[in-house]
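In what follows, a single structure is set out as structure tokens and then discussed.
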Amino acid sequence: AARLALATAAPLSPYPDLSRTRPLDCRHGRVLLHVGVGAWHFVVWDPVTGEQHRLPEPGIPWLIYTAAVFCAVPGCDHLDCHGGPFRVVFLVTEDYTDLVKAAVYSSETGAWSTPVTMDAGCDVQHRRDAFAAGFYYKPYVQPRRGAVIGDEAYFTLRWGNPVVKYNWSKNHISLIDPPTKCVYNVGVKKKSVDKVALMVMEDSSLGFACVEGSSLHLWSRKVNAEGDAEWAWCRAIQLESIIPVANSDDKPFVVGSAEGVGVIFVSTGAGLFTIKLDSGLVKKVAESGVYFSVLPYMSFYTPDRGRFPSLAKLTHV
């Protein structure tokens, strides 16, 4: 029978000083790095081919930030996605002003868009909820992986997990309420559940996953008959019997998802686990540690015209 055999391995990063290199995202065969060697800059890196593109920051003084990289080829299926044009979305809480701002970079133009600011009125209710729960509120961008669907990139803010929607083609930011107030615990002082994951569902809708109690809950943002988008609860997965914990006080939490394959990453004191949503299969993939946002890299490369022939090969066993 034929099988694919590993012929080479990619390094963890093309930069040896990992203390000055932060991976922000990986999607469509690319990894986005924020590198502090010299002036802070971004590197879009293809671990399979080794190709690298360096780009400057967009000139927004950041306090905290997140970003996304994605293929910019119309109609691409992203199965063998290497070497083409790409875009990078950068979302920040601006230093000194605490404003949420965003910009998009195009490899085709080699330039960033004019940064856009989220309207201050967008998060009024979230400010009220935070104050009611005893929080000092700032619209901190969660430095975790987001989701990209069409012309829109989605990320979350701290304290309540409202979803920031950035339409990069229109250069516009808006805010979406989370699907459940349980992720905020309004009225419970100094407790907040900010371990959520955004994901692309099978029908290309926006998905939202978090743990409530001992269950993993999944929602999807659907368009109703009136053309308005609203959250629809999809399912709950009981974790007590399938995910081990270190002790009675140890609680599982969501730390990421693998796009396109229906996999959720859950962390406990016993380790890092994956859950396949279609089969319920659970697998331990790493020992216990501090996991905040898992960035699963997936890519497949078919050598073309003899280029990089050692990167993949077909063997017979």
Side-chain angles (χ1 to χ4, degrees), residues 23-26 64 66 129-130 133 135 140-147 154-163 176-202 205-221 231-298:
L24 301 180
D25 189 31
C26 52
I64 192 167
T66 186
D129 288 344
F135 291 106
Y140 283 126
V141 169
Q142 285 277 35
R144 63 172 73 250
R145 190 169 187 250
Y154 298 87
F155 306 95
T156 56
L157 298 182
R158 243 181 126 185
W159 313 132
N161 298 291
V163 178
I176 302 170
D177 287 334
T180 171
K181 286 293 185 181
C182 292
V183 297
Y184 195 72
N185 291 333
V186 174
V188 181
K189 188 175 179 63
K190 299 302 182 186
K191 286 188 178 180
S192 175
V193 182
D194 56 10
K195 306 299 191 297
V196 305
L198 300 179
M199 56 194 296
V200 181
M201 305 295 278
E202 289 184 358
S205 63
L206 176 65
F208 185 105
C210 80
V211 175
E212 294 181 26
S214 61
S215 298
L216 172 67
H217 289 262
L218 299 173
W219 289 264
S220 177
R221 194 156 174 83
W231 290 109
W233 183 80
C234 298
R235 59 186 294 199
I237 300 174
Q238 293 295 325
L239 300 179
E240 283 183 319
S241 60
I242 62 173
I243 299 289
V245 294
N247 53 64
S248 59
D249 295 326
D250 184 22
K251 304 298 181 184
F253 55 89
V254 180
V255 291
S257 66
E259 190 170 285
V261 294
V263 169
I264 296 285
F265 290 85
V266 174
S267 176
T268 75
L272 179 67
F273 301 86
T274 58
I275 303 175
K276 284 191 65 67
L277 297 179
D278 57 355
S279 65
L281 180 67
V282 174
K283 180 180 180 181
K284 184 176 181 178
V285 294
E287 297 300 323
S288 61
V290 180
Y291 300 102
F292 183 77
S293 182
V294 173
L295 305 177
Y297 176 82
M298 298 178 293

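All residue numbers refer to positions in the sequence shown, counting from 1.
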Nearest 0.5 angstrom please: [X] [atom1] to [Y] [atom2], how far?
X      : Y      : atom1 : atom2 : answer
Tyr154 : Leu206 : OH    : CG    : 6.0 Å
Phe155 : Asp25  : CZ    : CG    : 7.0 Å
Ile275 : Ser257 : CD1   : OG    : 12.0 Å
Met199 : Ser205 : CE    : OG    : 9.5 Å
Lys283 : Lys276 : NZ    : NZ    : 10.5 Å
Ser215 : Ile237 : OG    : CD1   : 9.5 Å

[X] and [Y]: which non-hydrogen atoms are nearest, and at how many Å?
X      : Y      : value
Asn247 : Asp249 : OD1-N, 2.9 Å
Leu157 : Gln142 : C-CG, 3.7 Å
Ile64  : Pro143 : CD1-CD, 3.8 Å
Gly269 : Ser288 : O-CB, 3.1 Å
Phe253 : Tyr291 : CE1-O, 3.5 Å
Pro244 : Ala270 : O-CB, 3.7 Å

Keeping the roles fixed (side chain from [X], backbone from [Y]), state whether a donor-acceptor pair exists under 3.5 Å.
X      : Y      : value
Asn161 : Pro178 : no
Arg235 : Leu277 : yes
Thr268 : Pro252 : no
Arg144 : Phe292 : yes
Trp233 : His217 : no

Please lay out, stage by stage, how Glu259 and Arg145 fare under the test side chain to side chain contact (heavy atoms under 4.5 Å, CB included). CA-CA 11 Å; Glu259 190 170 285; Arg145 190 169 187 250; 4.2 Å; yes
Ile243, Ile242, Val254 screened by side chain to side chain contact (heavy atoms under 4.5 Å, CB included) with Leu216, the one that passes: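 So the option named by the test is Val254.
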Between Phe208 and Ile176, is a side chain to side chain contact (heavy atoms under 4.5 Å, CB included) present by the stated rule, with each step listed? CA-CA 12 Å; Phe208 185 105; Ile176 302 170; over 6 Å; no
Go through the steps for Lys195 and Cys210 under the test side chain to side chain contact (heavy atoms under 4.5 Å, CB included), then give the verdict. CA-CA 7 Å; Lys195 306 299 191 297; Cys210 80; over 6 Å; no
